[in-house]
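Just so you know, residue 1 is the first one in the sequence shown, and it goes up from there. For clarity, every value in this text was computed on a predicted model and none was experimentally measured.
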Amino acid sequence: MRAENFIAFFTVCGFFIGILFTLFKVNEPVEMLVYTLLITFFFYLIIHIVIMNYVDVSRTMKRFFDKERHEEIADYLISELAIREKRMENIMLKTTAAEQVDKISGKQNARVKAKAA
């Protein structure tokens with residue numbers, strides 16, 4: 001049985017127990033409403049505590065989240081990112097080298113033009 005079904009069942013049980021308690025002990029309508037809501041909320045909290053302690057979340061989450069598979073994918077993506085970073089560094093080195101060559105050739109062309117003039 002799923003945890004949501006337990007929560008719904010015990011919340012409804014808490015509501016009816018709250019109504020029975022207030023019918024026997026309380027005469028004012030506002031107090032009946034308040035006590036019924038408090039008892040229902042108490043049952044709601046108690047069933048959450050019980051589910052936290054007795055339902056194995058790691059086993060149920062394993063079906064939805066396969067850690068090993070996600071780690072393999074993450075490792076692959078990290079290696080691909082490292083390769084792309086190396087490519088970018090090489091491209092940046094080539095462009096800076098090309099810019100320096102252009103600056104040097106530009107200075108030489110300016111000298112040649114200055115001598116020719």
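For the pair T11 and F15, the minimum side-chain heavy-atom distance is 4.5 Å or more. Contact annotation: the side chain of M32 approaches that of L23 to within less than 4.5 Å [non-hydrogen atoms, C-beta and beyond].
Checking each of F10, F9, F42 against I47 for a side chain to side chain contact (heavy atoms under 4.5 Å, CB included) leaves exactly one that passes, namely F10.
For the atom pair E72 CD and H70 NE2, the distance stands at 10.5 Å (nearest 0.5 Å). Summarising the geometry, atom CD1 belonging to I83 is positioned 12.5 Å from atom CD1 belonging to I78; distances are rounded to the nearest 0.5 Å. Residue I91 holds its CD1 atom at 5.5 Å from CE of M88, rounded to the nearest 0.5 Å. The CG atom of L45 lies 6.5 Å from the CD1 atom of I49; values are rounded to the nearest 0.5 Å. Note: K25 NZ to L20 CG = 12.5 Å, rounded to the nearest 0.5 Å. With values rounded to the nearest 0.5 angstrom, E4 atom CD is found 8.0 Å from I51 atom CD1.
At most 12 heavy atoms of other shown residues, nucleotides or ligands fall within 6.0 angstrom of atom CG in N27.
Residues F41 and V12 fall into different hydrophobic clusters, defined by Ile, Leu, Val, Met, Phe, Trp and Tyr side chains chained together at heavy-atom separations under 4.5 Å. Linking ILVMFWY side-chain heavy atoms closer than 4.5 Å, directly or via other members, places I7 and V50 in a single hydrophobic cluster. Linking Ile, Leu, Val, Met, Phe, Trp and Tyr residues whenever their side-chain heavy atoms come within less than 4.5 Å places I73 and Y76 in a single cluster. The hydrophobic cluster containing V26 does not contain F43, counting ILVMFWY residues as joined when their side-chain heavy atoms lie under 4.5 angstrom apart, directly or transitively.
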task = For the pair T22 and E31, evaluate side chain to side chain contact (heavy atoms under 4.5 Å, CB included) and give the outcome as yes or no after the intermediate values.
result = CA-CA 8 Å; T22 56; E31 289 179 358; over 6 Å; no

message = Using side chain to side chain contact (heavy atoms under 4.5 Å, CB included), reason through Y44 and T40 one step at a time and then give a plain yes or no.
response = CA-CA 6 Å; Y44 181 77; T40 304; 5.6 Å; no

